[in-house]
Number of protein chains: 2
Amino acid sequence: MRDFNKKLRVLLIDDNANHLRGIKELITLETNYNVVGATRSANLGINLIKKYHPDVVLMDINMPEKDGLQAIQAINKMELSTKVVVLSGYDDADLVYRAMKLGARGYVLKTMASVKLIDAIEDVSEGKIYLPAALSTRFFEYFQSAARKEANKVEGENLLNTLTVRESEVLELLTQGVNYKTIAGTLIISETTVKTHVNNIFQKLQVNDRTNAVLYALSHGFKPSNKSAAMTAA
Amino acid sequence: MRDFNKKLRVLLIDDNANHLRGIKELITLETNYNVVGATRSANLGINLIKKYHPDVVLMDINMPEKDGLQAIQAINKMELSTKVVVLSGYDDADLVYRAMKLGARGYVLKTMASVKLIDAIEDVSEGKIYLPAALSTRFFEYFQSAARKEANKVEGENLLNTLTVRESEVLELLTQGVNYKTIAGTLIISETTVKTHVNNIFQKLQVNDRTNAVLYALSHGFKPSNKSAAMTAA
DNA sequence: TGTTTTCTCAATCTTTTGATTTAGATTAGT
DNA sequence: ACTAATCTAAATCAAAAGATTGAGAAAACA
């Protein structure tokens with residue numbers, strides 16, 4: 001995992017100059033860390049990362065601006081092995097959630113003991129995720145409530161269940177945006193038969209056109225249940 | 001948070017009878033725990049939960065069957081304060097992810113020291129999330145890779161960016177499944193103008209009909225950017 | 001075996017959509 | 001001020017989609 005013979009290369013990004021200096025001191029006190037850069041600008045930081053490929057980036061995030069979040073995304077898009085640890089004054093659930101979603105490997109609050117910061121750097125450099133219990137709970141509450149919302153959307157008496165096998169096959173092709181002719185060709189039935197099916201689908205889903213049928217299907221978790229012959233359709 | 005004067009009420013679900021007995025012994029050794037039930041069936045377990053409203057449920061999950069996952073969902077749907085701790089032999093990333101997504105508050109591997117199980121019960125009963133570092137890392141890797149896939153889908157040169165403001169407004173209405181007449185009425189322009197816009201949209205999105213335009217919009221993260229006048233459209 | 005559901009197809013008709021061309025008015029940008 | 005982009009609109013055609021009725025064959029079901 002981690003080679004203890006080599007110093008960990010750390011880069012700091014914090015728009016507060018005083019804070020930046022403080023962290024730098026703290027880090028350099030650790031004998032096996034090497035601060036390869038420290039900057040107040042996210043954009044500048046990204047350039048430094050491109051140049052130095054640090055092991056860990058300590059990234060300050062201020063609530064109002066979303067530069068920090070974008071920076072995290074940008075860093076991860078570089079496909080380096082650089083791990084991002086967020087350093088923030090906010091334990092806002094949404095912020096934690098979004099930071100982790102965009103690829104942060106750790107999240108430390110400024111109010112936490114400085115030793116936590118060292119812990120975080122150690123953990124993420126070894127490939128672990130560092131998220132203190134309080135933040136972890138926040139994250140999961142957010143995550144689970146989001147998942148729940150989605151699940152509910154799919155719930156309710158789902159009119160999709162009233163469809164026959166054949167109708168489902170037709171609907172699947174509709175959700176792929178193909179016309180009558182193509183559906184007929186794919187299922188090897190006549191175009192008028194397809195029209196019949198489509199009309200029945202409309203009745204059952206209580207819509208009047210294919211666009212609304214497709215919208216209904218997509219928003220109600222329609223899944224091509226069958227060993228669909230439609231697989232071959234481009 | 002937790003009232004230490006009262007014993008924690010724990011319910012066990014594990015389809016292995018021996019294992020079930022073992023855990024029960026382990027739990028009852030703790031003086032402040034009270035095992036209110038132990039069963040080998042997920043369905044039976046759910047009934048017991050309805051009856052006894054335990055504080056914590058220890059739920060065994062075996063990989064192949066997805067009864068366990070469904071049970072987690074069912075329990076959380078009851079809207080009780082009952083917390084679910086998963087007990088599993090598998091540290092599969094997908095399984096951990098899905099269990100947490102469905103509302104589990106903790107996840108413990110059977111290979112872990114039994115004291116971890118007690119830790120988990122304590123933590124979740126206090127409202128925390130319990131997820132050992134190794135599993136947490138697994139979870140986040142899965143979570144972040146999923147998030148990444150979604151982000152990529154929205155990436156790529158997004159043809160949606162080539163749309164004008166008005167065209168976006170029209171497209172938004174298209175994604176709501178309304179016809180020309182309604183669009184014209186909503187935007188207070190003539191139907192022929194709408195047709196012009198729609199045709200321009202088709203050109204820009206490289207499609208031939210509204211269904212595909214809508215599909216493109218939905219799959220490329222189309223967001224009604226404006227202070228849309230379309231808000232009033234049913 | 002009788003009944004119901006599902007799948008198939010046709011014919012007809014209306015409505016909606018989509019394609020194309022042309023063009024005036026307004027706005028934004030250089 | 002000149003130019004390019006945008007928004008508006010009409011007219012016309014062709015094509016696709018949708019509604020409706022009726023009906024035979026096969027499969028599922030009771």
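Residue numbers start from 1 in every chain, and the chains themselves are labelled A, B, ... in the order their sequence lines are given, proteins ahead of strands.
Remark: the backbone N or O of Leu215(A) is paired with a side-chain donor or acceptor of Ser219(A) at under 3.5 angstrom. Distance alone, capped at 3.5 Å, places no donor-acceptor pair between the Asp15(A) side chain and the Arg40(A) backbone.
Here CG of Leu102(B) is found 5.0 Å from CD of Gln73(B). Values are rounded to the nearest 0.5 Å.
Atom CD of Glu191(B) and atom P of dT16(C) are 8 Å apart (whole Å). Computed from coordinates, the His197(A) NE2 to dT6(C) C1' distance equals 8 Å when rounded to whole Å. Atoms CZ (Arg166(A)) and P (dC7(C)) sit 8 Å apart, rounded to a whole Å. If you take CZ of Arg210(B) and C1' of dG18(C), they are 9 Å apart, rounded to a whole angstrom. Atom pair Lys204(A):NZ and dC7(C):P shows a separation of 8 Å (rounding to whole Å applied).
OP1 or OP2 of dG18(C) has not a single side-chain nitrogen or oxygen of Asn199(B) nearer than 4.0 Å. A sub-4.0 Å separation between OP1 or OP2 of dT15(C) and a side-chain N or O of Tyr180(B) is absent.
Within 3.5 Å, a donor on the side chain of Thr196(A) pairs with an acceptor on the base of dC9(C), or the reverse.
Between Phe143(B) and Tyr97(A), a ring centre-to-centre spacing shorter than 6.0 Å is recorded.
You can see that DNA chain D meets the heavy atoms of chain B within a 4.0 Å-exclusive cut from dT6(D) to dA10(D), reading 5' to 3'.
Among Val108(B), Val86(B), Ile27(B), the single residue meeting the side-chain contact (heavy atoms from CB on, under 4.5 Å) criterion with Leu58(B) is Ile27(B).
Comparing the start and finish of the helix from dT1(C)-dA30(D) to dT30(C)-dA1(D), five pairs each, the helix axis swings through 60°, to the nearest 10 degrees.
In this model, no donor atom of one side chain and acceptor atom of the other lie less than 3.5 Å apart for Thr196(A) and Asn199(A). In this model, no donor atom of one side chain and acceptor atom of the other lie less than 3.5 Å apart for Ser41(A) and Thr39(A).
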